[in-house]
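Just so you know, these numbers come straight off a predicted model, no measurement behind them.
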Amino acid sequence: MTSVRTRYAPSPTGYLHIGGAWMAFFNWLFARSTRGTFVLRIEDTDPSRSTREYEQAIFEDFRWLGIDWDEGPDVRGPYGPYRQTERTALYHRHAQELLDRGAAYHCYCTPEELAAERKRAEAERRPYRYSGRCRNLTPAQRAAFEAEGRKPTIRLRLTDYGEIIVVHDLVRGRVEFDPEHLDDYIIVRSDGTPLYNFANVVDDHTMAISHVIRGIEHLSNTPRQWVMYRALGWTPPQVAHLSNILGTDKKKLSKRTGDTAVRDYRRQGFLPEALLNFFALMAWYPEENREIYTIDELIEKFRVEDLGKSSPIFDMAKLTWLNGVYMRDLLSRDPARVVGACVESMRGVGLLDGPVAPDRLNYIRRVVEVLGERIKVGRDIITYGDFFLTDVVSYEAEAIQRYFANPKTAEILQDLAARVAGAGEFTAGEAERVIRTLAADRSIHSREIIHPARVALTGKTAGPGLFELMELLGKARVVRRLEEAVTYIGRNS
RNA sequence: GCCCCCAUCGUCUAGCCCGGCCUAGGACACCGGCCCUUCAAGCCGGUAACGCGGGUUCGAAUCCCGCUGGGGGCACCA
């Protein structure tokens, strides 16, 4: 058996989409699991929408995910070039070959004429198929069209193909298509540029791609492509078509129901290994009763045949949980990665910009330490620890209601502020001692101090342990916030 | 409209190919409880699914047919 070569072929018309990354991931997994080759090919045949900036961005997103490629525009390789716009000679050659073999023909119909045909079909409520008017043009007729100045497209002969086209899909099994329902489709535009279905076939073959895992939307394209392979005398690759990821509205994943770009997830502070683990779980469970897998385990266990057939819904809650599992593990093993994810999300919301100063980074490290297991995603440093990062404490409505209502509260907090101010070296232990003593002196339960104090210091009812949080905030900030709370309560009661 | 694909808890899925081991397993989410200065984490427990209708069979989530529902394709987009 010749070696496995898979590919992912993005169009550089935007950032790497979650759905695209998901597809790419399986092609990559398959290549890695068979010690094969993973190729990145840029499909930039639509010049109006493709840019080099997006191409770079896609590379960057893949690198972040940890999906590497053996051949591609930037690393080159024996089957290059890897950008479709640089392969035009190849398309011309094979288009000519198709023409010479009589498998394709020039079509002089204008877009307007075709639109009219389509409209007529619609009016008569029958499925539209190209009429085939140009299928058997005589040299004289062609000359006449040319004289009119018409530029022909090239169409592949398909309507009279004659036999059922069989696609052997690795995950769906045998799928049959009757060419009766297909028509002669355009493979080269009148300006000479190739269309997707054609360029794709030429590239996959000339790049010796052995397996293609792609979206279900391409299943209907497959019979068209298979006819072309046959006409050219080529063997088509093995294919597997996966259903698309859906949003919570059960529609194709879109901005409406959540972030769609890989970099959005990076900005929120997700971990690439968690995202990849989650990607796997959206298509298959390598083992029963197990959710957490390292990339190496996924590579080892991967089998195309095991991939699911139905469309998964992107479950944010599960991704978040999974990310939390990884974050907790990292907390002891490699806390710098957790800090990294937090920094990423702080940049995302503008809390950080440019290089981070060493003392600032140190402080963030301590915040992460104090927040600990509460951080499931990098952005949680903001949702749970904003009071560490900014100087304004805004009290949650519920917090005020629950813990600032007691008439004694202001007095207690005032007392606490005074005692903190007079305390010794301000560690968590010292903070605890101060509060316990205060509770004993006033013969109240420490709860009656702890909760209001937490609200005064953080604005929230939930959060890290009060004593740890006080230590990190430091004596000065604690005293100030306590006094601010006293003022606030006085003003609002 | 025509063609194609899909269908197990709210969600991701195991089981389906090779019918009985399935009174359908796990995980997320949700709801209780424990722990506790709150939250998170952790631990314990709970609710919850074979879309419907016909077959085949002693027996069907598993095989067959139909229906319904969802998705995709039918471009000089990819």
Side-chain angles (χ1 to χ4, degrees), chain A residues 9-11 13 43-46 48-50 107 109-111 114-115 118 121-122 124-129 151-155 167 169 171-173 175-178 180-183 185-191 193-197 199-200 215-224 241 243-244 246 248 250-252 278 281-285 287-292 305 308-322 324-325 328 371-376 380 384 399 402-403 432 435 439 445-451 453-455 458 460-467:
Chain A
S11 296
T13 55
E43 304 214 332
D44 55 354
T45 51
D46 184 352
S48 61
R49 297 191 297 147
S50 305
C107 172
C109 298
T110 63
L114 295 173
R118 193 167 299 124
E122 248 166 65
E124 294 169 22
R125 295 172 51 95
R126 61 183 160 77
Y128 169 71
R129 298 168 69 210
K151 294 275 180 236
T153 59
I154 299 176
R155 282 183 188 271
V167 173
D169 188 294
V171 328
R172 279 159 219 282
V175 184
E176 297 185 351
F177 294 90
D178 187 340
E180 264 301 297
H181 303 292
L182 269 23
D183 67 352
Y185 68 103
I186 297 174
I187 59 173
V188 177
R189 293 186 183 91
S190 51
D191 68 1
T193 56
L195 253 14
Y196 166 79
N197 266 314
N200 206 256
I216 188 81
E217 65 272 22
H218 295 295
L219 182 55
S220 310
N221 281 325
T222 310
R224 298 172 219 284
H241 292 92
S243 295
N244 290 112
L246 269 28
T248 40
K250 301 201 177 194
K251 298 255 169 56
K252 204 165 171 174
F278 179 65
L281 262 30
M282 276 197 293
W284 109 102
Y285 269 60
E287 280 178 30
E288 219 175 314
N289 308 347
R290 182 172 169 205
E291 339 286 321
I292 310 296
E305 301 78 28
K309 293 195 260 276
S310 46
S311 357
I313 291 173
F314 195 90
D315 186 354
M316 207 35 166
K318 188 147 190 176
L319 203 215
T320 305
W321 166 78
L322 239 168
V325 172
R328 264 169 258 136
L371 253 23
E373 297 188 327
R374 272 159 279 251
I375 304 176
K376 293 196 210 154
D380 287 342
Y384 296 127
R402 277 178 66 185
Y403 299 117
E432 177 161 15
I435 286 178
H445 193 101
S446 58
R447 256 196 288 273
E448 292 177 70
I449 307 168
I450 289 173
H451 293 302
R454 170 177 289 106
V455 176
T458 72
K460 305 176 206 302
T461 56
L466 185 68
F467 313 133

Side chain of [X]: nearest nucleotide among [options]?
X: R172(A); options: rG26(B), rC6(B), rC76(B); result: rC6(B)
X: P127(A); options: rG1(B), rA78(B), rC5(B); result: rG1(B)
X: R224(A); options: rG73(B), rC4(B), rC76(B); result: rG73(B)

Is [X] touching bases, backbone alone, or none of the nucleic acid, heavy atoms closer than 4.0 Å?
X: H241(A); answer: nothing
X: S311(A); answer: sugar-phosphate
X: T193(A); answer: nothing
X: R129(A); answer: nothing
X: E122(A); answer: nothing
X: N200(A); answer: nothing

Phosphate OP1/OP2 of [N]: any [X] side-chain N/O under 4.0 Å:
X: R189(A); N: rC77(B); answer: yes
X: R155(A); N: rA75(B); answer: no
X: R118(A); N: rA75(B); answer: yes

Set of side-chain contact (heavy atoms from CB on, under 4.5 Å) partners for [X], sequence neighbours left out:
X: R402(A); result: E398(A)
X: E305(A); result: R303(A)
X: V188(A); result: A95(A), I154(A), F198(A)
X: D191(A); result: R189(A), T193(A)

Tell which nucleotide pairs with [N], taking only Watson-Crick or G-U wobble pairs whose two distances are both under 3.5 angstrom.
N: rC2(B); result: rG73(B)
N: rG20(B); result: rC58(B)
N: rA40(B); result: none
N: rC30(B); result: rG46(B)
N: rU68(B); result: rA7(B)

Exercise. Please figure out whether Y196(A) or R126(A) has its closest RNA chain B nucleotide nearer the 5' end.
Key: R126(A)
Self-check item: Of I186(A) and L319(A), the one whose closest RNA chain B nucleotide lies more 5'
Solution: L319(A)
Starting at [atom1] of [X], measure out to [atom2] of [Y] and round the result to the nearest 0.5 Å.
X: E448(A); Y: I435(A); atom1: CD; atom2: CD1; value: 13.0 Å
X: N221(A); Y: Y196(A); atom1: CG; atom2: OH; value: 6.0 Å
X: S310(A); Y: M282(A); atom1: OG; atom2: CE; value: 12.0 Å

Whole-Å gap separating [atom2] ([N]) and [atom1] ([X]):
X: H181(A); N: rC5(B); atom1: NE2; atom2: P; answer: 12 Å
X: L219(A); N: rC4(B); atom1: CG; atom2: C1'; answer: 6 Å
X: E287(A); N: rA27(B); atom1: CD; atom2: P; answer: 14 Å
X: Y128(A); N: rG73(B); atom1: OH; atom2: P; answer: 18 Å
X: R290(A); N: rC28(B); atom1: CZ; atom2: P; answer: 15 Å
X: E217(A); N: rA78(B); atom1: CD; atom2: P; answer: 14 Å
X: N221(A); N: rA75(B); atom1: CG; atom2: P; answer: 11 Å
X: F278(A); N: rA27(B); atom1: CZ; atom2: P; answer: 17 Å

Quiz item: Is there a donor and acceptor pair closer than 3.5 Å between the side chain of S220(A) and the base of rC4(B)?
Solution: no
Same-atom distance ([atom1]) from [N] to [M], integer angstrom:
N: rC4(B); M: rG20(B); atom1: P; answer: 31 Å
N: rC50(B); M: rG15(B); atom1: C1'; answer: 10 Å
N: rU23(B); M: rA49(B); atom1: C1'; answer: 15 Å
N: rA14(B); M: rC21(B); atom1: C1'; answer: 15 Å
N: rU8(B); M: rG71(B); atom1: P; answer: 15 Å
N: rG69(B); M: rG32(B); atom1: P; answer: 37 Å
N: rG25(B); M: rU38(B); atom1: P; answer: 35 Å

Considering residues at least two apart in sequence or located in another chain, which fulfil the side-chain hydrogen bond (donor to acceptor under 3.5 Å, both in side chains) criterion with [X]?
X: S446(A); result: R436(A)
X: H451(A); result: none
X: Y285(A); result: E291(A), K318(A)

Quiz item: Which pair of heavy atoms, one from H241(A) and one from V171(A), lies closest together, and at what distance?
Solution: O-CG2, 3.6 Å
Please write out the pairs of protein N or O atoms and N or O atoms of nucleotides 7-11 of chain B separated by less than 3.5 Å, giving the distance to one decimal.
from, atom 1, to, atom 2, distance (Å)
rU11(B), OP1, K250(A), NZ, 3.1
rU11(B), O2', D315(A), OD2, 3.4

Quiz item: Who pairs with F278(A) by ring-ring contact (aromatic ring centres under 6.0 Å, His included), at least two apart in sequence or on another chain?
Solution: F314(A)
Practice problem: Mind checking salt bridge (charged side-chain N to carboxylate O under 4.0 Å, His left out) for R49(A) and listing every partner two or more places apart, or none if nothing turns up? | Solution: D46(A)
Close N or O pairs between protein and nucleotides 14-18 of chain B (under 3.5 Å):
from, atom 1, to, atom 2, distance (Å)
rA14(B), O2', E288(A), OE1, 3.0

Quiz item: When every nucleotide of nucleotides 33-52 of chain B is labelled 5' to 3' by its protein contacts under 4.0 Å (heavy atoms), B for base, S for sugar-phosphate only, - for none, what sequence of letters results?
Solution: ----BBBBSS----------
